[in-house]
Amino acid sequence: MRRRIVMSMLAGATLLAGTFFGTGVTAAQAAPRAATDVPAEFGTDWHDPVTAAPPVDRPHTKACQVTLAEAQFRDFTPYRGAYTPPKGCGDRWSKVVLRLDGKVKGRQYDRLGYLHVGGVEILRTSTPEPSPDGIEWHVEKDVTRYSDTFRGPQDVEMLIGNVVDDSYTGVIDVKVTLTFYTGRAETPAPDRVLTLADTPDGTTLTTPRNSERIVAEVYATGSGGGCEEFWYLTVADPASYSCKADHGPYREVQIKVDGQLAGIAAPFPNVWTGGWSNPFLWYVIPGPGAFDVRPIEYDLTPFAGLLNDGRPHRVEVSVVGVPAGQSGWSAPVNVLVWQDAHRAHVTGALTADRASDIANSSTYTPGAENRVDTEAGHRLTVSGYLNTSHGRVTTTVTRALANTSAHRWTDGENTDGLDATWTDDETVSVHGQGAARTTHTRRTYTMNGATTLGADDRLRTVLTLGDRATAVERQGGRRTAWSRFDDTYSGDATYTINVPRDQRRAVGTSSERYRLSGSDGCYDRSLTSVQGVLTEDRSRC
(Lines give C-alpha, C1' and ligand atoms only; values in the text may rest on other atoms or scores of the structure.)
Protein backbone atom coordinates (compact mmCIF):
# COMPACT_ATOMS: atom_id res chain seq x y z
CA MET A 1 0.00 0.00 0.00
CA ARG A 2 1.27 3.46 -0.91
CA ARG A 3 1.74 4.76 0.92
CA ARG A 4 -14.34 28.55 19.49
CA ILE A 5 -14.67 25.64 20.44
CA VAL A 6 -11.21 25.51 21.92
CA MET A 7 -11.09 23.23 24.93
CA SER A 8 -7.98 23.37 27.09
CA MET A 9 -8.07 21.03 30.02
CA LEU A 10 -4.74 22.06 31.55
CA ALA A 11 -3.47 25.60 31.32
CA GLY A 12 -1.48 25.82 28.14
CA ALA A 13 -0.29 22.37 27.24
CA THR A 14 -2.23 19.15 27.76
CA LEU A 15 -4.98 19.49 25.19
CA LEU A 16 -7.61 17.53 23.45
CA ALA A 17 -7.13 16.89 19.75
CA GLY A 18 -8.39 19.91 17.93
CA THR A 19 -7.64 22.39 20.71
CA PHE A 20 -4.84 24.19 18.93
CA PHE A 21 -5.50 22.83 15.47
CA GLY A 22 -8.05 24.28 13.05
CA THR A 23 -7.67 23.12 9.49
CA GLY A 24 -9.82 23.48 6.43
CA VAL A 25 -11.78 25.94 4.34
CA THR A 26 -14.75 28.02 5.27
CA ALA A 27 -18.32 26.96 4.57
CA ALA A 28 -18.65 29.64 1.90
CA GLN A 29 -15.64 28.25 0.03
CA ALA A 30 -16.97 24.70 0.36
CA ALA A 31 -20.46 25.19 -1.05
CA PRO A 32 -21.86 21.71 -1.86
CA ARG A 33 -23.45 20.79 -5.17
CA ALA A 34 -26.71 18.98 -5.81
CA ALA A 35 -26.66 15.22 -6.36
CA THR A 36 -27.78 15.78 -9.98
CA ASP A 37 -24.44 17.54 -10.63
CA VAL A 38 -22.36 14.53 -9.59
CA PRO A 39 -20.57 12.83 -12.53
CA ALA A 40 -20.67 9.06 -12.98
CA GLU A 41 -16.89 8.86 -12.52
CA PHE A 42 -14.00 11.04 -11.38
CA GLY A 43 -13.00 13.52 -14.07
CA THR A 44 -9.84 15.55 -14.56
CA ASP A 45 -10.71 18.05 -11.86
CA TRP A 46 -12.35 17.95 -8.45
CA HIS A 47 -13.25 20.10 -5.47
CA ASP A 48 -10.39 21.70 -3.58
CA PRO A 49 -9.42 19.79 -0.42
CA VAL A 50 -11.57 20.57 2.62
CA THR A 51 -11.83 19.25 6.16
CA ALA A 52 -14.63 19.41 8.71
CA ALA A 53 -12.31 20.70 11.46
CA PRO A 54 -13.13 24.19 12.77
CA PRO A 55 -11.16 27.20 11.59
CA VAL A 56 -9.12 28.88 14.31
CA ASP A 57 -11.25 31.25 16.36
CA ARG A 58 -9.86 34.78 16.01
CA PRO A 59 -10.30 37.65 18.49
CA HIS A 60 -11.77 41.00 17.40
CA THR A 61 -8.65 43.00 18.18
CA LYS A 62 -5.96 44.79 16.19
CA ALA A 63 -3.99 42.39 14.00
CA CYS A 64 -0.58 42.44 12.31
CA GLN A 65 0.55 39.98 9.64
CA VAL A 66 4.02 38.70 8.80
CA THR A 67 4.96 36.49 5.85
CA LEU A 68 7.10 33.58 7.03
CA ALA A 69 7.76 31.80 3.75
CA GLU A 70 6.94 31.90 0.05
CA ALA A 71 8.39 29.03 -1.93
CA GLN A 72 7.98 26.58 -4.78
CA PHE A 73 9.15 23.07 -3.87
CA ARG A 74 10.55 21.05 -6.76
CA ASP A 75 13.16 18.95 -4.94
CA PHE A 76 14.62 18.49 -1.47
CA THR A 77 16.17 21.95 -1.17
CA PRO A 78 14.83 23.73 1.94
CA TYR A 79 13.49 27.26 1.80
CA ARG A 80 15.54 29.49 4.10
CA GLY A 81 14.53 32.98 5.13
CA ALA A 82 14.38 35.38 8.07
CA TYR A 83 11.58 36.29 10.45
CA THR A 84 11.17 39.74 12.00
CA PRO A 85 8.56 40.36 14.74
CA PRO A 86 5.50 42.36 13.69
CA LYS A 87 5.42 46.12 14.13
CA GLY A 88 2.48 47.80 15.80
CA CYS A 89 1.13 44.81 17.76
CA GLY A 90 3.55 44.78 20.71
CA ASP A 91 5.29 41.63 21.95
CA ARG A 92 2.42 40.01 23.87
CA TRP A 93 -0.51 38.65 21.89
CA SER A 94 -3.92 37.17 22.63
CA LYS A 95 -3.49 34.80 19.70
CA VAL A 96 -1.06 33.98 16.90
CA VAL A 97 -2.49 32.18 13.87
CA LEU A 98 -0.46 30.43 11.19
CA ARG A 99 -1.96 30.08 7.74
CA LEU A 100 -0.51 28.04 4.88
CA ASP A 101 -1.93 28.57 1.39
CA GLY A 102 -0.90 25.96 -1.15
CA LYS A 103 -1.53 25.12 -4.78
CA VAL A 104 -0.35 22.37 -7.12
CA LYS A 105 -1.45 20.92 -10.44
CA GLY A 106 -0.50 18.05 -12.73
CA ARG A 107 0.63 14.76 -11.26
CA GLN A 108 2.28 14.42 -7.88
CA TYR A 109 2.46 12.12 -4.87
CA ASP A 110 1.62 13.19 -1.34
CA ARG A 111 4.62 14.88 0.25
CA LEU A 112 5.57 15.57 3.87
CA GLY A 113 6.80 18.91 5.09
CA TYR A 114 7.90 20.93 8.10
CA LEU A 115 8.30 24.57 9.10
CA HIS A 116 10.89 25.71 11.64
CA VAL A 117 11.25 29.17 13.20
CA GLY A 118 14.41 29.60 15.23
CA GLY A 119 14.81 25.82 15.17
CA VAL A 120 11.34 25.32 16.71
CA GLU A 121 9.01 23.14 14.67
CA ILE A 122 5.72 25.03 14.46
CA LEU A 123 4.07 22.97 11.69
CA ARG A 124 4.33 19.45 10.35
CA THR A 125 2.16 18.86 7.31
CA SER A 126 1.51 16.74 4.27
CA THR A 127 0.08 17.69 0.88
CA PRO A 128 -2.97 16.68 -1.14
CA GLU A 129 -2.53 14.97 -4.50
CA PRO A 130 -3.52 17.29 -7.36
CA SER A 131 -5.84 17.10 -10.33
CA PRO A 132 -4.42 17.81 -13.80
CA ASP A 133 -6.23 21.16 -13.71
CA GLY A 134 -4.87 22.07 -10.28
CA ILE A 135 -6.09 22.44 -6.70
CA GLU A 136 -5.68 24.92 -3.86
CA TRP A 137 -5.87 24.28 -0.13
CA HIS A 138 -5.05 25.94 3.12
CA VAL A 139 -4.13 25.04 6.67
CA GLU A 140 -4.74 27.11 9.78
CA LYS A 141 -3.15 26.50 13.16
CA ASP A 142 -3.16 28.30 16.50
CA VAL A 143 0.54 28.77 17.29
CA THR A 144 0.16 31.09 20.31
CA ARG A 145 2.10 28.59 22.39
CA TYR A 146 5.26 29.53 20.43
CA SER A 147 4.99 33.25 21.29
CA ASP A 148 8.39 33.22 23.03
CA THR A 149 10.00 32.22 19.73
CA PHE A 150 8.20 34.99 17.83
CA ARG A 151 9.39 37.85 20.07
CA GLY A 152 12.80 38.15 18.39
CA PRO A 153 14.33 37.83 14.90
CA GLN A 154 14.73 34.21 13.83
CA ASP A 155 15.92 32.05 10.99
CA VAL A 156 13.15 30.29 9.05
CA GLU A 157 13.47 26.92 7.38
CA MET A 158 10.73 25.10 5.47
CA LEU A 159 10.82 21.96 3.37
CA ILE A 160 8.22 19.96 1.50
CA GLY A 161 10.46 17.40 -0.17
CA ASN A 162 9.34 16.87 -3.75
CA VAL A 163 10.33 15.25 -7.04
CA VAL A 164 9.51 16.91 -10.36
CA ASP A 165 10.31 15.10 -13.60
CA ASP A 166 8.60 13.97 -16.79
CA SER A 167 6.17 11.77 -14.82
CA TYR A 168 5.60 13.79 -11.64
CA THR A 169 4.97 17.33 -12.78
CA GLY A 170 3.38 18.96 -9.73
CA VAL A 171 5.36 21.88 -8.32
CA ILE A 172 4.15 22.65 -4.78
CA ASP A 173 3.61 26.38 -4.37
CA VAL A 174 3.07 27.64 -0.80
CA LYS A 175 2.83 30.84 1.18
CA VAL A 176 2.84 30.88 4.98
CA THR A 177 1.84 33.84 7.15
CA LEU A 178 1.52 34.58 10.85
CA THR A 179 -1.22 36.91 12.09
CA PHE A 180 -0.76 38.44 15.54
CA TYR A 181 -3.74 39.67 17.57
CA THR A 182 -3.21 42.17 20.38
CA GLY A 183 -4.51 41.56 23.88
CA ARG A 184 -4.06 39.10 26.71
CA ALA A 185 -4.19 35.39 25.93
CA GLU A 186 -6.96 33.40 27.65
CA THR A 187 -4.40 30.72 28.53
CA PRO A 188 -0.86 31.92 29.35
CA ALA A 189 1.64 30.85 26.72
CA PRO A 190 4.85 29.18 27.89
CA ASP A 191 7.56 31.56 29.09
CA ARG A 192 10.20 29.72 27.07
CA VAL A 193 10.16 27.46 24.02
CA LEU A 194 13.34 25.38 23.81
CA THR A 195 14.83 22.91 21.40
CA LEU A 196 17.33 20.15 22.05
CA ALA A 197 21.03 20.81 21.48
CA ASP A 198 23.18 18.35 19.55
CA THR A 199 26.23 17.21 21.52
CA PRO A 200 28.76 14.39 21.07
CA ASP A 201 26.73 12.36 23.59
CA GLY A 202 23.40 12.93 21.83
CA THR A 203 20.76 15.58 22.30
CA THR A 204 20.65 17.64 25.48
CA LEU A 205 18.29 20.08 27.18
CA THR A 206 19.16 22.96 29.53
CA THR A 207 16.12 24.51 31.20
CA PRO A 208 15.85 27.75 33.21
CA ARG A 209 16.59 27.07 36.89
CA ASN A 210 13.17 28.34 37.96
CA SER A 211 11.08 26.08 35.71
CA GLU A 212 7.87 25.00 37.44
CA ARG A 213 6.15 23.28 34.53
CA ILE A 214 7.82 21.50 31.59
CA VAL A 215 6.06 19.90 28.64
CA ALA A 216 7.79 18.21 25.71
CA GLU A 217 6.03 17.93 22.37
CA VAL A 218 7.19 15.45 19.73
CA TYR A 219 6.05 15.63 16.11
CA ALA A 220 6.40 11.89 15.57
CA THR A 221 5.58 10.56 12.09
CA GLY A 222 6.26 7.24 10.43
CA SER A 223 6.95 8.10 6.81
CA GLY A 224 9.47 8.01 4.03
CA GLY A 225 7.63 5.67 1.69
CA GLY A 226 8.86 2.48 3.37
CA CYS A 227 7.11 0.03 5.66
CA GLU A 228 7.21 2.35 8.68
CA GLU A 229 4.71 4.57 6.88
CA PHE A 230 2.35 1.63 7.39
CA TRP A 231 3.77 0.39 10.68
CA TYR A 232 0.33 -0.80 11.83
CA LEU A 233 0.39 -3.48 9.09
CA THR A 234 3.84 -4.92 9.75
CA VAL A 235 4.19 -8.58 10.79
CA ALA A 236 6.90 -10.72 12.35
CA ASP A 237 8.31 -13.99 11.04
CA PRO A 238 7.13 -16.55 10.10
CA ALA A 239 4.16 -14.67 8.62
CA SER A 240 4.51 -14.16 4.85
CA TYR A 241 3.76 -10.47 4.28
CA SER A 242 5.65 -7.76 2.40
CA CYS A 243 6.26 -5.48 5.42
CA LYS A 244 8.18 -7.12 8.25
CA ALA A 245 9.06 -6.02 11.79
CA ASP A 246 10.80 -8.15 14.41
CA HIS A 247 7.95 -7.88 16.92
CA GLY A 248 4.97 -6.99 14.76
CA PRO A 249 2.96 -3.75 14.53
CA TYR A 250 3.12 -2.37 18.08
CA ARG A 251 4.73 1.08 18.17
CA GLU A 252 5.28 3.33 21.17
CA VAL A 253 6.99 6.72 21.25
CA GLN A 254 9.16 7.05 24.35
CA ILE A 255 11.04 9.98 25.81
CA LYS A 256 13.90 9.54 28.31
CA VAL A 257 15.75 11.99 30.54
CA ASP A 258 19.30 10.98 31.44
CA GLY A 259 18.41 7.40 30.53
CA GLN A 260 15.29 7.29 32.73
CA LEU A 261 11.96 6.63 31.07
CA ALA A 262 10.04 9.92 31.36
CA GLY A 263 7.06 9.46 29.04
CA ILE A 264 5.27 6.98 26.78
CA ALA A 265 2.62 7.56 24.11
CA ALA A 266 0.74 5.83 21.33
CA PRO A 267 1.51 7.38 17.93
CA PHE A 268 -1.47 8.43 15.84
CA PRO A 269 -1.85 6.16 12.75
CA ASN A 270 -1.58 8.93 10.17
CA VAL A 271 -2.79 8.12 6.67
CA TRP A 272 -1.49 10.49 4.01
CA THR A 273 -3.39 11.37 0.83
CA GLY A 274 -1.97 8.51 -1.23
CA GLY A 275 -2.54 5.97 1.54
CA TRP A 276 -4.07 2.52 1.34
CA SER A 277 -3.27 2.28 -2.39
CA ASN A 278 -6.15 4.59 -3.26
CA PRO A 279 -5.75 8.36 -3.73
CA PHE A 280 -9.41 8.60 -4.79
CA LEU A 281 -10.31 8.28 -1.11
CA TRP A 282 -8.54 11.51 -0.22
CA TYR A 283 -8.74 13.94 -3.14
CA VAL A 284 -11.35 16.13 -1.45
CA ILE A 285 -11.43 15.05 2.22
CA PRO A 286 -8.09 14.03 3.79
CA GLY A 287 -7.72 11.69 6.74
CA PRO A 288 -7.74 13.20 10.25
CA GLY A 289 -4.68 15.33 10.91
CA ALA A 290 -3.10 14.78 7.49
CA PHE A 291 -2.55 18.50 6.82
CA ASP A 292 -1.80 19.46 10.44
CA VAL A 293 0.07 16.73 12.27
CA ARG A 294 -0.62 16.90 16.00
CA PRO A 295 2.41 16.56 18.28
CA ILE A 296 2.52 14.04 21.09
CA GLU A 297 2.75 15.79 24.46
CA TYR A 298 4.59 14.63 27.57
CA ASP A 299 4.30 16.37 30.94
CA LEU A 300 7.90 16.31 32.23
CA THR A 301 7.18 18.41 35.32
CA PRO A 302 8.06 15.49 37.66
CA PHE A 303 11.62 15.81 36.25
CA ALA A 304 11.83 19.60 36.76
CA GLY A 305 13.70 19.30 40.06
CA LEU A 306 16.38 17.29 38.26
CA LEU A 307 16.44 19.54 35.20
CA ASN A 308 16.63 22.80 37.19
CA ASP A 309 20.27 22.33 38.22
CA GLY A 310 21.49 24.56 35.37
CA ARG A 311 23.37 21.77 33.60
CA PRO A 312 22.55 20.11 30.26
CA HIS A 313 20.64 16.83 30.50
CA ARG A 314 20.42 14.12 27.91
CA VAL A 315 16.98 13.80 26.31
CA GLU A 316 16.24 10.97 23.88
CA VAL A 317 13.17 10.07 21.84
CA SER A 318 12.79 6.60 20.38
CA VAL A 319 10.09 4.49 18.77
CA VAL A 320 9.62 1.02 20.22
CA GLY A 321 9.03 -1.68 17.63
CA VAL A 322 11.02 -0.29 14.71
CA PRO A 323 13.37 -3.00 13.37
CA ALA A 324 17.00 -2.39 14.29
CA GLY A 325 18.80 -0.20 11.78
CA GLN A 326 15.61 0.70 9.92
CA SER A 327 14.74 4.33 9.31
CA GLY A 328 11.36 5.83 8.61
CA TRP A 329 10.47 7.82 11.73
CA SER A 330 10.97 11.51 12.34
CA ALA A 331 10.55 12.85 15.88
CA PRO A 332 11.62 16.50 16.39
CA VAL A 333 11.17 17.84 19.91
CA ASN A 334 10.11 21.22 21.33
CA VAL A 335 10.15 21.85 25.07
CA LEU A 336 7.67 24.31 26.60
CA VAL A 337 8.57 25.85 29.96
CA TRP A 338 6.56 27.88 32.45
CA GLN A 339 8.75 29.70 35.02
CA ASP A 340 8.23 30.78 38.63
CA ALA A 341 8.30 34.58 38.39
CA HIS A 342 9.10 34.98 42.11
CA ARG A 343 11.97 32.54 42.54
CA ALA A 344 15.32 32.38 40.73
CA HIS A 345 15.89 28.70 41.49
CA VAL A 346 13.13 26.14 41.99
CA THR A 347 14.42 23.01 43.71
CA GLY A 348 12.81 19.61 43.85
CA ALA A 349 13.23 15.93 43.15
CA LEU A 350 11.91 12.99 41.18
CA THR A 351 10.25 10.64 43.66
CA ALA A 352 8.85 7.84 41.49
CA ASP A 353 9.51 6.37 38.05
CA ARG A 354 7.74 3.03 37.69
CA ALA A 355 7.08 1.24 34.41
CA SER A 356 5.50 -2.10 33.74
CA ASP A 357 7.04 -4.50 31.27
CA ILE A 358 5.81 -3.95 27.72
CA ALA A 359 3.21 -6.58 26.87
CA ASN A 360 3.36 -7.41 23.15
CA SER A 361 1.83 -10.55 21.69
CA SER A 362 1.36 -11.15 17.95
CA THR A 363 -0.19 -14.47 16.97
CA TYR A 364 0.05 -15.66 13.36
CA THR A 365 -2.65 -17.96 11.97
CA PRO A 366 -1.99 -19.10 8.40
CA GLY A 367 -4.78 -20.10 6.04
CA ALA A 368 -6.63 -19.09 2.91
CA GLU A 369 -6.86 -15.79 4.71
CA ASN A 370 -3.73 -15.27 6.81
CA ARG A 371 -4.20 -13.47 10.10
CA VAL A 372 -2.09 -11.77 12.76
CA ASP A 373 -3.76 -10.85 16.04
CA THR A 374 -1.88 -8.38 18.22
CA GLU A 375 -2.42 -7.37 21.83
CA ALA A 376 0.03 -4.97 23.42
CA GLY A 377 0.31 -2.38 26.14
CA HIS A 378 2.49 -0.52 28.61
CA ARG A 379 2.05 1.57 31.78
CA LEU A 380 4.22 4.29 33.35
CA THR A 381 3.93 6.42 36.49
CA VAL A 382 6.30 9.29 37.24
CA SER A 383 6.07 11.67 40.19
CA GLY A 384 8.11 14.56 41.55
CA TYR A 385 7.87 17.67 43.68
CA LEU A 386 8.99 21.30 43.38
CA ASN A 387 9.56 23.89 46.11
CA THR A 388 7.95 26.87 44.39
CA SER A 389 7.32 30.42 45.61
CA HIS A 390 3.76 29.33 46.40
CA GLY A 391 4.71 26.20 48.30
CA ARG A 392 5.59 22.61 47.58
CA VAL A 393 3.80 21.23 44.51
CA THR A 394 3.76 17.54 43.61
CA THR A 395 2.96 16.39 40.07
CA THR A 396 2.16 12.76 39.24
CA VAL A 397 1.68 11.56 35.66
CA THR A 398 0.25 8.12 34.94
CA ARG A 399 -0.05 6.87 31.36
CA ALA A 400 -1.40 3.53 30.14
CA LEU A 401 -1.24 2.40 26.50
CA ALA A 402 -3.06 -0.47 24.80
CA ASN A 403 -3.28 -1.75 21.22
CA THR A 404 -5.41 -4.53 19.76
CA SER A 405 -5.45 -5.35 16.07
CA ALA A 406 -6.48 -8.06 13.62
CA HIS A 407 -4.59 -7.99 10.31
CA ARG A 408 -5.82 -10.34 7.60
CA TRP A 409 -4.58 -10.89 4.06
CA THR A 410 -4.64 -13.44 1.27
CA ASP A 411 -1.67 -14.82 -0.62
CA GLY A 412 -0.44 -12.16 -3.00
CA GLU A 413 -2.08 -9.59 -0.70
CA ASN A 414 -4.95 -9.12 -3.16
CA THR A 415 -7.05 -8.75 -0.04
CA ASP A 416 -5.43 -6.81 2.79
CA GLY A 417 -7.40 -5.60 5.80
CA LEU A 418 -6.98 -4.30 9.34
CA ASP A 419 -9.22 -3.73 12.33
CA ALA A 420 -7.22 -1.91 15.04
CA THR A 421 -7.71 0.20 18.15
CA TRP A 422 -5.18 2.17 20.15
CA THR A 423 -5.87 3.79 23.53
CA ASP A 424 -3.68 6.28 25.38
CA ASP A 425 -4.99 6.96 28.90
CA GLU A 426 -3.30 9.77 30.83
CA THR A 427 -3.92 11.20 34.31
CA VAL A 428 -2.03 14.26 35.57
CA SER A 429 -2.48 15.07 39.27
CA VAL A 430 -1.14 18.29 40.79
CA HIS A 431 -1.16 18.68 44.59
CA GLY A 432 -0.06 21.80 46.46
CA GLN A 433 -1.08 23.98 49.39
CA GLY A 434 -3.76 21.49 50.39
CA ALA A 435 -5.48 21.63 46.97
CA ALA A 436 -5.57 18.96 44.29
CA ARG A 437 -6.25 19.22 40.56
CA THR A 438 -6.56 16.14 38.38
CA THR A 439 -7.00 15.92 34.64
CA HIS A 440 -7.84 12.62 33.01
CA THR A 441 -7.53 12.38 29.21
CA ARG A 442 -8.38 9.28 27.22
CA ARG A 443 -7.38 9.18 23.57
CA THR A 444 -8.69 6.49 21.22
CA TYR A 445 -7.58 5.89 17.63
CA THR A 446 -9.30 3.38 15.34
CA MET A 447 -8.67 2.01 11.86
CA ASN A 448 -10.98 -0.46 10.14
CA GLY A 449 -10.80 -1.27 6.46
CA ALA A 450 -9.59 -3.41 3.60
CA THR A 451 -8.20 -3.14 0.10
CA THR A 452 -9.16 -5.81 -2.45
CA LEU A 453 -7.94 -6.35 -6.02
CA GLY A 454 -10.31 -8.24 -8.30
CA ALA A 455 -9.56 -10.35 -11.33
CA ASP A 456 -10.60 -7.41 -13.52
CA ASP A 457 -7.84 -5.24 -11.99
CA ARG A 458 -10.46 -3.21 -10.13
CA LEU A 459 -8.96 -2.11 -6.81
CA ARG A 460 -11.38 -1.16 -4.05
CA THR A 461 -10.59 0.34 -0.66
CA VAL A 462 -13.13 0.68 2.14
CA LEU A 463 -11.80 2.43 5.23
CA THR A 464 -12.96 4.13 8.43
CA LEU A 465 -10.60 6.14 10.64
CA GLY A 466 -11.38 7.49 14.09
CA ASP A 467 -9.61 10.08 16.23
CA ARG A 468 -11.36 10.54 19.59
CA ALA A 469 -10.62 11.92 23.03
CA THR A 470 -12.36 12.76 26.27
CA ALA A 471 -11.01 14.91 29.08
CA VAL A 472 -12.27 15.70 32.57
CA GLU A 473 -10.72 18.13 35.03
CA ARG A 474 -11.50 17.92 38.74
CA GLN A 475 -10.49 20.13 41.63
CA GLY A 476 -11.04 18.88 45.13
CA GLY A 477 -12.99 15.96 43.67
CA ARG A 478 -15.48 18.26 41.90
CA ARG A 479 -15.70 18.30 38.10
CA THR A 480 -14.73 21.77 36.89
CA ALA A 481 -14.41 21.20 33.12
CA TRP A 482 -14.94 18.49 30.54
CA SER A 483 -14.76 17.98 26.79
CA ARG A 484 -15.32 15.32 24.18
CA PHE A 485 -13.79 15.17 20.69
CA ASP A 486 -14.60 12.87 17.76
CA ASP A 487 -13.20 13.14 14.24
CA THR A 488 -14.38 10.23 12.05
CA TYR A 489 -13.54 9.65 8.40
CA SER A 490 -15.15 7.03 6.11
CA GLY A 491 -14.31 6.27 2.50
CA ASP A 492 -15.09 3.77 -0.28
CA ALA A 493 -13.33 4.12 -3.64
CA THR A 494 -12.68 1.87 -6.64
CA TYR A 495 -10.57 2.26 -9.78
CA THR A 496 -8.80 0.20 -12.45
CA ILE A 497 -5.06 -0.18 -11.92
CA ASN A 498 -2.29 -0.47 -14.55
CA VAL A 499 -4.05 1.78 -17.07
CA PRO A 500 -3.60 5.45 -18.04
CA ARG A 501 -5.22 7.96 -15.74
CA ASP A 502 -8.10 8.68 -18.12
CA GLN A 503 -9.03 4.99 -18.23
CA ARG A 504 -9.25 4.30 -14.49
CA ARG A 505 -13.06 4.65 -14.32
CA ALA A 506 -12.72 5.76 -10.71
CA VAL A 507 -15.65 6.17 -8.37
CA GLY A 508 -15.60 7.02 -4.69
CA THR A 509 -17.44 8.47 -1.73
CA SER A 510 -15.74 9.98 1.30
CA SER A 511 -17.14 11.67 4.38
CA GLU A 512 -15.98 13.24 7.63
CA ARG A 513 -17.79 14.28 10.79
CA TYR A 514 -15.93 16.42 13.31
CA ARG A 515 -17.52 16.96 16.73
CA LEU A 516 -16.47 18.89 19.83
CA SER A 517 -18.61 19.29 22.92
CA GLY A 518 -18.08 20.14 26.54
CA SER A 519 -17.99 22.92 29.09
CA ASP A 520 -17.40 25.56 26.40
CA GLY A 521 -20.19 24.57 24.02
CA CYS A 522 -20.58 22.57 20.82
CA TYR A 523 -19.17 22.23 17.30
CA ASP A 524 -20.45 19.62 14.83
CA ARG A 525 -19.78 19.61 11.08
CA SER A 526 -20.18 16.92 8.41
CA LEU A 527 -18.80 16.77 4.86
CA THR A 528 -19.46 14.31 2.04
CA SER A 529 -17.88 14.10 -1.41
CA VAL A 530 -18.86 11.84 -4.34
CA GLN A 531 -16.64 11.44 -7.42
CA GLY A 532 -14.72 14.53 -6.32
CA VAL A 533 -17.83 16.69 -5.92
CA LEU A 534 -18.69 18.09 -2.48
CA THR A 535 -22.32 17.08 -1.92
CA GLU A 536 -22.78 17.85 1.79
CA ASP A 537 -21.53 20.51 4.17
CA ARG A 538 -23.73 20.42 7.26
CA SER A 539 -23.40 22.04 10.68
CA ARG A 540 -25.52 20.76 13.55
CA CYS A 541 -24.63 23.07 16.46
Side-chain angles (χ1 to χ4, degrees), residues 4-8 15-30 47-61 63-71 83 86 89 93-104 112-117 120-128 135-147 149-150 156 158 160 172-181 183 185-187 189 217 219 270 273 284-295 467 485 487 489 512 514-516 520 523-525 527 534 537 539:
R4 145 161 124 169
I5 309 278
V6 175
M7 299 176 184
S8 172
L15 309 164
L16 281 187
T19 300
F20 271 119
F21 308 95
T23 306
V25 302
T26 66
Q29 292 170 302
H47 197 285
D48 287 339
V50 57
T51 81
V56 176
D57 185 45
R58 298 166 184 257
H60 300 291
T61 61
C64 302
Q65 189 175 96
V66 173
T67 297
L68 271 184
E70 276 190 276
Y83 160 80
C89 282
W93 310 288
S94 61
K95 187 162 286 187
V96 185
V97 180
L98 177 150
R99 178 177 170 118
L100 179 152
D101 290 285
K103 56 185 178 181
V104 61
L112 282 179
Y114 65 80
L115 174 60
H116 293 173
V117 178
V120 174
E121 181 144 330
I122 67 170
L123 177 69
R124 176 152 295 218
T125 189
S126 71
T127 64
I135 57 171
E136 297 183 6
W137 80 102
H138 81 250
V139 180
E140 287 186 353
K141 179 178 179 179
D142 185 334
V143 292
T144 313
R145 59 167 49 184
Y146 305 122
S147 291
T149 301
F150 302 142
V156 175
M158 184 176 189
I160 301 176
I172 299 169
D173 193 334
V174 300
K175 178 181 179 179
V176 183
T177 61
L178 292 179
T179 303
F180 299 81
Y181 295 87
E186 290 184 8
T187 301
E217 55 175 28
Y219 284 90
N270 291 106
T273 58
V284 177
I285 302 175
F291 292 166
D292 185 2
V293 177
R294 183 173 67 247
D467 181 7
F485 160 76
D487 187 4
Y489 167 94
E512 180 190 16
Y514 192 110
R515 288 174 284 181
L516 284 170
D520 291 337
Y523 175 92
D524 187 344
R525 185 181 178 192
L527 302 174
L534 191 70
D537 185 349
S539 294

- Task: Taking the side chain as every heavy atom from C-beta outward, state whether Leu68 and Met158 have any atom pair closer than 4.5 Å.
- Result: no

- Tell me, do Leu115 and Leu98 make a side-chain contact under 4.5 Å, heavy atoms counted? yes

Taking atom [atom1] of [X] and atom [atom2] of [Y], what is their separation to the nearest 0.5 Å?
{"X": "Ser94", "Y": "His60", "atom1": "OG", "atom2": "NE2", "value": "11.0 Å"}
{"X": "Thr179", "Y": "Lys95", "atom1": "OG1", "atom2": "NZ", "value": "12.0 Å"}
{"X": "Ile285", "Y": "Leu527", "atom1": "CD1", "atom2": "CG", "value": "5.0 Å"}
{"X": "Thr144", "Y": "Tyr181", "atom1": "OG1", "atom2": "OH", "value": "10.0 Å"}
{"X": "Arg525", "Y": "Leu516", "atom1": "CZ", "atom2": "CG", "value": "13.0 Å"}
{"X": "Lys141", "Y": "Asp292", "atom1": "NZ", "atom2": "CG", "value": "5.0 Å"}

Going by the rule side chain to side chain contact (heavy atoms under 4.5 Å, CB included), which residues pair with [X] if we only count those two or more places apart in sequence or in a different chain?
{"X": "Thr67", "value": "Glu70, Lys175, Thr177"}
{"X": "Arg124", "value": "Tyr114, Glu121, Tyr219, Thr221, Val293, Ser330, Pro332"}
{"X": "Val66", "value": "Tyr83, Pro86, Phe180"}

Of all heavy-atom pairs between [X] and [Y], which one has the smallest distance, and what is that distance?
{"X": "Leu123", "Y": "Leu100", "answer": "CD2-CD1, 4.0 Å"}
{"X": "Asn270", "Y": "Pro288", "answer": "ND2-O, 4.2 Å"}
{"X": "Tyr523", "Y": "Ala52", "answer": "OH-O, 2.7 Å"}
{"X": "Thr149", "Y": "Val117", "answer": "CG2-O, 3.3 Å"}
{"X": "Cys89", "Y": "Ala63", "answer": "SG-C, 3.6 Å"}

Check whether [X] reaches the backbone of [Y] with its side chain - one donor and one acceptor, N or O, closer than 3.5 Å.
{"X": "Thr125", "Y": "Phe291", "value": "yes"}
{"X": "Asp48", "Y": "Glu136", "value": "yes"}
{"X": "Thr273", "Y": "Thr127", "value": "yes"}

- Go through the steps for Asp467 and Arg294 under the test side chain to side chain contact (heavy atoms under 4.5 Å, CB included), then give the verdict. CA-CA 11 Å; Asp467 181 7; Arg294 183 173 67 247; 3.0 Å; yes

- Item | Evaluation steps, side chain to side chain contact (heavy atoms under 4.5 Å, CB included), between Glu512 and Thr51 | CA-CA 7 Å; Glu512 180 190 16; Thr51 81; 3.8 Å; yes

- Message: Walk me through whether Tyr146 and Val96 qualify under side chain to side chain contact (heavy atoms under 4.5 Å, CB included).
- Response: CA-CA 8 Å; Tyr146 305 122; Val96 185; over 6 Å; no

- Evaluation steps, side chain to side chain contact (heavy atoms under 4.5 Å, CB included), between Ile122 and Phe150: CA-CA 11 Å; Ile122 67 170; Phe150 302 142; 4.3 Å; yes

